[in-house]
Amino acid sequence: MLERRTVVLADGSVRSYFALPPDYRDFPPMPPPHFPRPERFFGDPDLGPGRGRLSPEGFLRDRDRDRDRGDSDYWSSLGLDGKGGGVEGPQKRKFGDERDELARQRQQLMHYGNASSNPNGFLGGPGGDRDRDRDRDRDRRGADYLASTSNSSPFRRNAVVEPPPGRGMEDFRASKHLRVGGEYDAHSSEMKMKYHDVDPQALRKAFVQYVKVLNDNLTQKKIYLEDGKRGPLQCLTCGRASREFSDVHGLIMHAYNSHDLRIDHLGLHKALCVLMGWNYAKVPDNSRAYQLLPSDEALANKEDLVLWPPMVIIHNTLYGKDKDGRMEGIGNKAMDSKIRDLGFSGGKSRSLYGKDGHQGITLVKFAGDQSGLKEALRLADFFEKDNHGRKAWVRVESTLPGRDEENNANLVKVDEKTGEKKRIFYGYLGTASDLEKLDFEGRKKAGIESRREYNC
């Protein structure tokens, strides 16, 4: 009748337990028990009324029959052989000893007071050491039993309780977790991070995969960055089978505590934390303390994930419109020449084009190794020191709509000697957050690597 169920614990392991099935009320009722006819005991048709086995005459008849067979000790121990007294049987001695023991403890209680006044909870007096040892052994056996069951019970303090259908974990909060034995613990963040229990290479691959998925589409990225304000969120790992989450916190709790596709879910958990600027190295819980990460550390986590092979993204590479109204900009060879003139080698330029022509963006790619990354970082530092890095471009870009770019001092400078107008370039090292700026072919081929792994 019982069915086996499983529960996912906080450490990712699965435990089984038995419970009644949901439809146990629908089971057919048990048939009524069959009892023999009363006259079998209290009356017999052959012997007449009142002469069954449990009648007085039947009782005396059984006694006489057993005595004839040599079973007098039993009847004499009960004092029913008609002789009075009789030999004490082992059962009588046993119960007699227990009664004597109860009487003795009652006397000790009246003499020494309430047993609870003893801090050890044992009665004093004669036999106290023996009773104390016996009770201590009993308590130790009980504690061992509770400890053993607490590892498999769904009520242990670290057991993960799934919320009811239609509700996210954020709506199903418990301020404290029950621990077998009556204690309470509100600090579930003490448990070991799960990242140490899985293959690091597989986890890294899953993490990079979800970083790319989250940053590949600008619309999708905004949905997560707005933390569910546009509507419910779904788990990218679960796919179509995912339930809906009201915010990113509920999704992160699901991803961190899921046992199915564990490595993929942990990779998604880490990628979401980096995207939101939260601390992936801290266990997520309903206190949301893991979301408290200094802005400089959050920025460092994002800047660590660079596009690969390493590239520098250069903006404001337009010339203007041609006679057909399409945008024109600096070509690949011309940009390669300018980069070499600045003292940087090894880079190869590629301009980005759209339906209206040149997009004003040129990518300068370097070799996919440590030397290429160092050269890309050196070029990015050149723009940053000239106050033409990422932050400067964000500030300038916000002033572009509705302004004449040809007369904008932040975009164009005039040569004092020749009067020639030259575009001001803004450049920075491409990171995973810039993936949306690439064209389709660039996003498809681009990889993501960690700067820390290359000591850069």
Side-chain angles (χ1 to χ4, degrees), residues 208 211-218 221 302-320 322 326-397 400 405 410-412 422-451 453-454 456:
V208 170
V211 167
K212 187 172 182 179
V213 170
L214 290 171
N215 289 277
D216 183 73
N217 186 288
L218 179 60
K221 182 165 75 171
K302 293 181 179 181
E303 292 181 345
D304 176 66
L305 302 172
V306 297
L307 296 177
W308 204 260
M311 64 184 70
V312 174
I313 302 176
I314 301 179
H315 291 272
N316 196 35
T317 58
L318 292 174
Y319 282 149
D322 60 11
R326 291 177 58 82
M327 301 300 298
E328 291 184 328
I330 187 171
N332 298 336
K333 293 184 178 180
M335 180 60 73
D336 287 341
S337 177
K338 290 182 178 294
I339 295 298
R340 285 194 298 269
D341 293 343
L342 294 175
F344 300 95
S345 60
K348 187 171 183 62
S349 303
R350 185 171 75 87
S351 299
L352 300 183
Y353 290 85
K355 62 180 181 179
D356 296 327
H358 201 291
Q359 294 183 344
I361 300 176
T362 300
L363 308 178
V364 182
K365 293 185 178 182
F366 293 85
D369 52 26
Q370 187 177 34
S371 61
L373 178 58
K374 288 183 176 180
E375 193 70 6
L377 285 170
R378 199 165 70 90
L379 178 58
D381 289 340
F382 168 81
F383 286 110
E384 186 65 34
K385 291 177 181 178
D386 202 27
N387 199 25
H388 292 152
R390 183 188 293 271
K391 293 180 180 179
W393 173 247
V394 171
R395 184 176 62 253
V396 171
E397 192 177 25
L400 292 182
E405 296 185 8
N410 292 319
L411 300 177
V412 180
K422 294 183 179 180
R423 287 276 175 167
I424 301 174
F425 297 150
Y426 294 81
Y428 49 84
L429 183 67
T431 62
S433 59
D434 301 313
L435 196 61
E436 75 219 17
K437 300 172 184 176
L438 308 185
D439 55 5
F440 175 79
E441 193 67 21
R443 292 195 302 270
K444 183 179 178 180
K445 293 182 178 181
I448 297 174
E449 293 287 343
S450 171
R451 287 177 53 178
E453 295 182 2
Y454 289 87
C456 295

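Hydrogens, waters and symmetry mates play no part in the numbers below; they use all other heavy atoms, side chains included. Sequence positions, counted from 1, serve as the residue numbers for this chain.
Side-chain contact check for Asp439 versus Arg350: some heavy-atom pair is nearer than 4.5 Å. For the pair Phe366 and Leu373, the minimum side-chain heavy-atom distance is 4.5 Å or more. Side-chain contact between Phe344 and Val312 is absent, with no heavy atoms from C-beta onward closer than 4.5 Å. Side chains of His358 and Leu318 form a contact here, defined as non-hydrogen atoms less than 4.5 Å apart. Here the side chains of Ile313 and Ile361 are in contact, with some heavy-atom distance below 4.5 Å. A 4.5 Å side-chain heavy-atom check between Val412 and Arg423 finds at least one atom pair inside the cut-off. Residues Leu307 and Leu438 have side chains in contact (heavy-atom distance under 4.5 Å, counting atoms from C-beta outward).
With hydrogens and angles disregarded, a donor-acceptor distance shorter than 3.5 Å links the side chain of Thr317 to the backbone of Gly360. With hydrogens and angles disregarded, a donor-acceptor distance shorter than 3.5 Å links the side chain of Asp336 to the backbone of Ser349. Judged by distance alone, with hydrogens and angles left aside, the side-chain atoms of Asn215 form no donor-acceptor pair with the main-chain N or O of Leu435 at under 3.5 Å.
The shortest non-hydrogen separation linking Pro310 to Gly368 is CD-CA, 3.9 Å. Nearest heavy atom pair, residue Ala367 against residue Pro309, reads C-CB, 4.5 Å. Shortest non-hydrogen contact noted between Ala376 and Leu429 is CB-CD1, 3.9 Å. Heavy atoms only, all atoms of each residue included: Lys355 and Arg326 are closest at O-NH1, 2.9 Å.
With sequence neighbours left out, Tyr454 forms a ring-ring contact (aromatic ring centres under 6.0 Å, His included) with Trp308.
Remark: Arg378 engages Glu375 in a salt bridge, criterion side-chain N to carboxylate O under 4.0 Å.
In summary, of the residues considered (Lys444, Arg443, Lys445), a salt bridge (charged side-chain N to carboxylate O under 4.0 Å, His left out) with Glu441 occurs for Lys445 alone.
His388 and Phe383 have their aromatic ring centers separated by at least 6.0 angstrom.
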Run the numbers on Ile314 and Ile339 for side-chain contact (heavy atoms from CB on, under 4.5 Å), then give the verdict. CA-CA 11 Å; Ile314 301 179; Ile339 295 298; 4.1 Å; yes

Assess the residue pair Ser351 and Asn332 against the criterion (side chain to side chain donor-acceptor pair (under 3.5 Å)); give the C-alpha distance rounded to whole Å, side-chain angles, the decisive distance to 0.1 Å, and a yes or no. CA-CA 6 Å; Ser351 299; Asn332 298 336; 3.1 Å; yes

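Atom NZ of Lys333 is separated from atom NZ of Lys348 by 9.0 Å, given to the nearest 0.5 angstrom. Interatomic distance, Ile330 CD1 to Tyr319 OH, rounded to the nearest 0.5 Å: 4.0 Å. A distance of 10.5 Å separates CG of Asp304 from CD of Glu449, quoted to the nearest 0.5 Å. Interatomic distance, Tyr428 OH to Glu303 CD, rounded to the nearest 0.5 Å: 12.0 Å. In this structure, CE on Met335 lies 10.0 Å from CG on Leu363, to the nearest 0.5 angstrom. Atom CD1 in Ile448 sits 6.5 Å away from atom CG in Leu305 (nearest 0.5 Å).
Environment of NZ in Lys338: sparse, with no more than 12 heavy atoms of neighbouring residues, nucleotides or ligands closer than 6.0 Å. Counting non-hydrogen atoms of other residues, nucleotides and ligands closer than 6.0 Å to NZ of Lys212 gives a total above 12. Under a cut-off of 6.0 angstrom, the local environment of NZ in Lys221 is crowded, with over 12 non-hydrogen atoms contributed by other residues, nucleotides or ligands.
Using cut-offs of 30° and 60° on the angle between ring planes, the pair His315 and Trp393 is parallel.
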